[in-house]
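First the structure, in the form of structure tokens, and then the observations on it.
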Amino acid sequence: QVQLVESGGGLVQAGDSLRLSCAASGRTFSSYAMGWFRQAPGKEREFVAAISWGGGITNYADSVKGRFTISRDNAKNTVYLQMNSLKPEDTAVYYCAADLFSGDPLTYASYDAWGQGTQVTVSS
């Protein structure tokens, strides 16, 4: 069983930056991949970024590529999402998730544990 707790969301202006954190507990953190998803009001949850267990492989949605960076610190059991050049369309609840069985990192169904989410609001 894995527990995930996100933090770092907030209200910012377009062009600003935020860094989200997700602290994990309950299983050896370095043994599984992690991902970030987001869900805007009235929309389905969508993939944002993923990182392999060792941090050597990352994936990004086209909409955030070049602006967002996913990273992890296995010594701190934490995954991060650095978000730069934020746009109003980035407004959503952001969720971190754990892929415990090495599924497709881009696919919602591959993830086995989810955090409660943190709100990111970008004003224009």
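For an aromatic pair to be called close, the ring centres must be under 6.0 Å apart, and Phe47 with Tyr60 fails this.
A salt bridge does not link Asp90 to Lys87: none of the charged nitrogens lies less than 4.0 Å from a carboxylate oxygen.
The main-chain N or O of Gln116 is found under 3.5 Å from a side-chain atom of Glu6 such that the two form a donor-acceptor pair. The backbone N or O of Gly9 sits nowhere less than 3.5 Å from a side-chain atom of Arg19 that would complete a donor-acceptor pair. A donor-acceptor contact shorter than 3.5 Å links the side chain of Asn74 to the backbone of Trp53. Side-chain atoms of Tyr111 come within 3.5 Å of backbone N or O of Pro105 as a donor-acceptor pair.
The minimum heavy-atom distance linking Ile70 with Met34 is given by the pair CD1-O, 4.1 Å. In plain terms, the two heavy atoms of Ser124 and Ala14 that are nearest each other are CA-CB, 4.4 Å. A pairwise comparison of heavy atoms in Val2 and Ala113 identifies O-CB, 3.8 Å as the closest pair.
Under a hydrophobic clustering in which Ile, Leu, Val, Met, Phe, Trp and Tyr are joined whenever their side-chain heavy atoms come within less than 4.5 Å, directly or via other members, Leu18 and Trp36 fall into the same cluster. Tracing side-chain contacts under 4.5 Å through hydrophobic residues (I, L, V, M, F, W, Y), one reaches Leu20 starting from Val12; they form part of the same cluster. Linking ILVMFWY side-chain heavy atoms closer than 4.5 Å, directly or via other members, places Tyr80 and Val120 in two distinct hydrophobic clusters.
For Asp99 and Ser110, the side-chain atoms include no donor-acceptor pair closer than 3.5 Å. In summary, the side chains of Arg38 and Tyr94 do present a donor paired with an acceptor at a separation below 3.5 Å, with no hydrogens or angles considered. Neither side chain, Thr91 nor Glu89, offers a donor N or O lying under 3.5 Å from an acceptor on the other.
A 6.0 Å sphere centred on NZ of Lys43 holds no more than 12 heavy atoms belonging to other residues, nucleotides or ligands. Within a 6.0 Å sphere centred on CD1 of Ile57, heavy atoms belonging to other residues, nucleotides or ligands number 12 at most.
Cation-pi contact between Arg72 and Phe29: present, with separation from the ring centre below 6.0 Å and deviation from the ring axis of at most 45°.
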